[in-house]
Colleague: 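Take this structure, written in structure tokens, and hold onto it; I'll ask about it next.
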Amino acid sequence: MTIQRKKISIVGAGFTGATTALLLAQKELGDIVLIDIPQLENPTKGKALDILEAGPVQGFDTQIMGTSNYEDAANSDIVIITAGIARKPGMSRDDLVNTNAGIVKSVCENVKKYAPDSIVIILSNPVDAMTYTAYQTLDFPKNRVIGQSGVLDTARYCTFIAQELNVSVEDVRGFVMGGHGDDMVPLVRYSSVGGIPIENLISQERIKAIVQRTRVGGGEIVNLLGNGSAYYAPAASLAQMTEAIVKDKKRIIPVIAYLEGEYGYQDLFLGVPTLLGGNGIEKVFELELTAEEKAALDESAEAVRNVTKIVNV
Ligand SMILES: NC(=O)C1=CN([C@@H]2O[C@H](COP(=O)(O)OP(=O)(O)OC[C@H]3O[C@@H](n4cnc5c(N)ncnc54)[C@H](O)[C@@H]3O)[C@@H](O)[C@H]2O)C=CC1
Ligand SMILES: O=C([O-])CC(=O)C(=O)O
């Protein structure tokens, strides 16, 4: 029996793509192909070589190459798409929709041709709509087309809860549902610290402030950076999702999944709690929501539907 390493391609070798490549290499999740446009082939090769040369110091044997040729991504097991433009202060993620839809579509045509059996994870914004664009272009089964929002939004939410209580982030549990926009839905009722519901530990007023800060968490970083958006926590989120798939971990984490009736939504990609394993999204969990939570989710879903409609008919 020959044991084959996984092949993971990352399209878009900018801030999020290159950082993800480093994190995946450190975790030795598979060999990595980093792809960007032909005009940036040398910088892409340079980033890949630079990461490779961290191997002897950090003790990883991951192979990594930079390229602009999709033939190098042939038969990838996983493809991560970070290609596209990022927002600047004053912009919403939805302002990126027309530019990034064209980019995601052209990338997915190549993925379909060269890596037809891959599991695809999309990061490019506005990510719920871009995941729909990818799904339409790829024509893959829904379990193999996954968007990243909930891991990152949940990470921000848990960071703020841990800061509020001055406790370890490791003991904070919770999750964020809905679209990756300012009306995302942190589920306070399902949030706890060391098993204790946060409503027993934090005042309603402070919880409201944490929820609001989470909702605009991406914008907070955009305003601080001044010329781009977050990449360390987004890359960490992509690495967690990739690890769940490569190791078939059966993790229960929120990702953007195709809904066909779950939560009452049809033909929509939206952030929901899922079981993530070797086959991609293996299950969508449908939780009972209060009327207030459902109303908030409806509002978020409507915003996603509106931006999805701009580019996907
Ligand atoms: N869903 C999420 O949670 C998050 C989404 N994002 C989104 O991810 C995307 C990437 O962000 P960054 O890496 O910070 O941007 P970046 O500008 O640093 O990198 C984007 C890269 O994509 C490349 N690219 C553009 N068109 C391409 C094509 N057709 N084929 C291959 N590569 C192409 C660019 O040359 C550039 O190197 C943005 O749309 C951003 O809004 C960023 C963080 C979190
Ligand atoms: O805010 C942005 O534009 C990038 C992103 O999606 C995030 O960091 O949540």
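Start at 1 and go down the list; that is how both ligands and their atoms are numbered. Predicted model, so just to flag it, every value in this text is computed and none were measured.
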Colleague: Considering only the protein, which heavy-atom contact is closest to atom 18 (O) of ligand 1, and what is its distance?
Modeller: Phe15 N, 2.8 Å
Colleague: Is the shortest side-chain N to carboxylate O distance from Glu109 to Lys105 below 4.0 Å?
Modeller: yes
Colleague: Of all the non-hydrogen atoms in the protein, which one sits nearest to atom 29 (N) of ligand 1, and at what distance?
Modeller: Ile103 CG2, 3.6 Å
Colleague: Below 3.5 angstrom, do we get any N/O pair linking Tyr231 and ligand 1?
Modeller: no
Colleague: With clusters defined by side-chain heavy atoms of hydrophobic residues (ILVMFWY) lying less than 4.5 Å apart, directly or transitively, does Ile35 cluster with Val120?
Modeller: yes
Colleague: In terms of atom number and element, which parts of ligand 2 are under 4.0 angstrom from non-hydrogen atoms of His180?
Modeller: 5 (C), 6 (O), 7 (C), 9 (O)
Colleague: Going by the order shown, which atoms of ligand 1 are within less than 4.0 Å of some heavy atom of Val127?
Modeller: 1 (N)
Colleague: Which of the atoms in ligand 1, numbered in the order shown and given with their element, are less than 4.0 Å from a heavy-atom of Ala230?
Modeller: 43 (C)
Colleague: Under a 4.0 Å heavy-atom limit, does Arg93 contact ligand 1 with its side chain, its backbone, both, or neither?
Modeller: neither
Colleague: Is Asp248 paired with Lys250 through a side-chain N to carboxylate O contact shorter than 4.0 Å?
Modeller: yes
Colleague: Does any N or O in the side chain of Ser300 come within less than 3.5 Å of the main-chain N or O of Ala296, such that one atom is a donor and the other an acceptor?
Modeller: no
Colleague: Any idea which protein heavy atom is nearest atom 36 (C) of ligand 1, and the distance to it?
Modeller: Asp36 OD2, 3.5 Å
Colleague: Hey, are Lys27 and Glu243 close enough for a salt bridge, meaning a charged N less than 4.0 Å from a carboxylate O?
Modeller: yes
Colleague: Among Glu293, Glu292, Glu288, whose salt bridge (Lys or Arg N to Asp or Glu O under 4.0 Å) with Arg189 holds?
Modeller: Glu293
Colleague: What atoms in ligand 1 come closer than 4.0 Å to a heavy atom of Pro234?
Modeller: 43 (C), 44 (C)
Colleague: Is a side-chain N or O of Thr67 found less than 3.5 angstrom from the main chain of Asn69, in a donor-acceptor match?
Modeller: yes
Colleague: Specify the protein heavy atom at minimum distance from atom 28 (C) of ligand 1: its residue, its atom name, and the distance to 0.1 Å.
Modeller: Ile37 CG2, 3.5 Å
Colleague: Check for me whether Gly228 has a heavy atom closer than 4.0 Å to any atom of ligand 1.
Modeller: no
Colleague: Applying side chain to side chain contact (heavy atoms under 4.5 Å, CB included) to Lys247 and Leu29, what does each step give before you reach the verdict?
Modeller: CA-CA 8 Å; Lys247 296 186 178 170; Leu29 291 179; 3.9 Å; yes
Colleague: Heavy-atom contacts with Ala230 under 4.0 Å: which atoms of ligand 2 show up? List them by number with element.
Modeller: 8 (O)
Colleague: Distance to 0.1 Å, residue and atom name: give those for the protein heavy atom nearest to atom 5 (C) of ligand 1.
Modeller: Leu123 O, 2.9 Å
Colleague: Which is closest to atom 39 (O) of ligand 1 in terms of heavy atoms, Ile85, Leu152, Leu96?
Modeller: Ile85
Colleague: Identify, by atom number and element, the atoms of ligand 2 in contact range of Gly218, meaning under 4.0 Å from any of its heavy atoms.
Modeller: 1 (O), 7 (C), 8 (O), 9 (O)
Colleague: Out of Gly84, Ala18, Pro126, who gets a non-hydrogen atom closest to atom 25 (C) of ligand 1?
Modeller: Gly84
Colleague: Going by the atom numbers of ligand 1, which of them fall below 4.0 Å from some non-hydrogen atom of Asn100?
Modeller: 39 (O)
Colleague: Record the part of Asn125 in heavy-atom contact with ligand 2 below 4.0 Å; permitted values are side chain, backbone, both and neither.
Modeller: side chain
Colleague: To the nearest 0.5 Å, what is the distance between OG1 on Thr82 and CD1 on Ile122?
Modeller: 11.5 Å
Colleague: Any chance the side chains of Tyr265 and Asp298 put a donor and an acceptor closer than 3.5 Å?
Modeller: yes
Colleague: What atoms in ligand 2 come closer than 4.0 Å to a heavy atom of Arg87?
Modeller: 1 (O), 2 (C), 3 (O)
Colleague: How far is atom 3 (O) of ligand 1 from the closest protein heavy atom, and which atom is that?
Modeller: Gln148 NE2, 2.8 Å
Colleague: In terms of atom number and element, which parts of ligand 1 are under 4.0 angstrom from non-hydrogen atoms of Leu40?
Modeller: 35 (O)
Colleague: Is there any N or O on Ala86 that sits under 3.5 Å from an N or O of ligand 1?
Modeller: no
Colleague: So between Thr82, Ile10, Asn227, whose heavy atom ends up nearest atom 9 (C) of ligand 1?
Modeller: Thr82
Colleague: Under a single-linkage definition using a 4.5 Å side-chain heavy-atom cutoff for Ile, Leu, Val, Met, Phe, Trp and Tyr, are Leu138 and Ile256 assigned to the same hydrophobic cluster?
Modeller: yes
Colleague: Output yes when a side-chain donor or acceptor of Asn100 lies under 3.5 Å from a complementary backbone atom of Ile85, and no otherwise.
Modeller: yes
Colleague: Is the closest side-chain donor-acceptor distance between Tyr258 and Asp267 under 3.5 Å?
Modeller: yes
Colleague: Determine yes or no for a side-chain-to-main-chain donor-acceptor pair under 3.5 angstrom, with Thr131 supplying the side chain and Phe269 the backbone.
Modeller: no
Colleague: Is it the side chain, the backbone, both or neither of Ile221 that has a heavy atom closer than 4.0 Å to ligand 2?
Modeller: neither
Colleague: Among all protein heavy atoms, pick out the one at the shortest distance from atom 19 (O) of ligand 1; state its residue, atom name and that distance to 0.1 Å.
Modeller: Gly14 CA, 3.2 Å
Colleague: For Tyr132 and Tyr135, take the angle between the two ring planes, folded into 0 to 90°, and tell me which bin it lands in: parallel under 30, tilted 30 to 60, perpendicular over 60.
Modeller: perpendicular
Colleague: Starting from atom 31 (C) of ligand 1, what is the nearest protein heavy atom, named by residue and atom, and what distance separates them?
Modeller: Val11 CG1, 3.7 Å
Colleague: Going by heavy-atom distance to atom 6 (N) of ligand 1, choose the closest among Ile81, Thr16, Leu225, Asn125.
Modeller: Asn125
Colleague: Which pair of heavy atoms, one from Asp31 and one from Gln63, lies closest together, and at what distance?
Modeller: OD1-N, 2.9 Å
Colleague: Among all the protein's non-hydrogen atoms, which is closest to atom 8 (O) of ligand 2, and how far away is it?
Modeller: Arg156 NH2, 2.8 Å
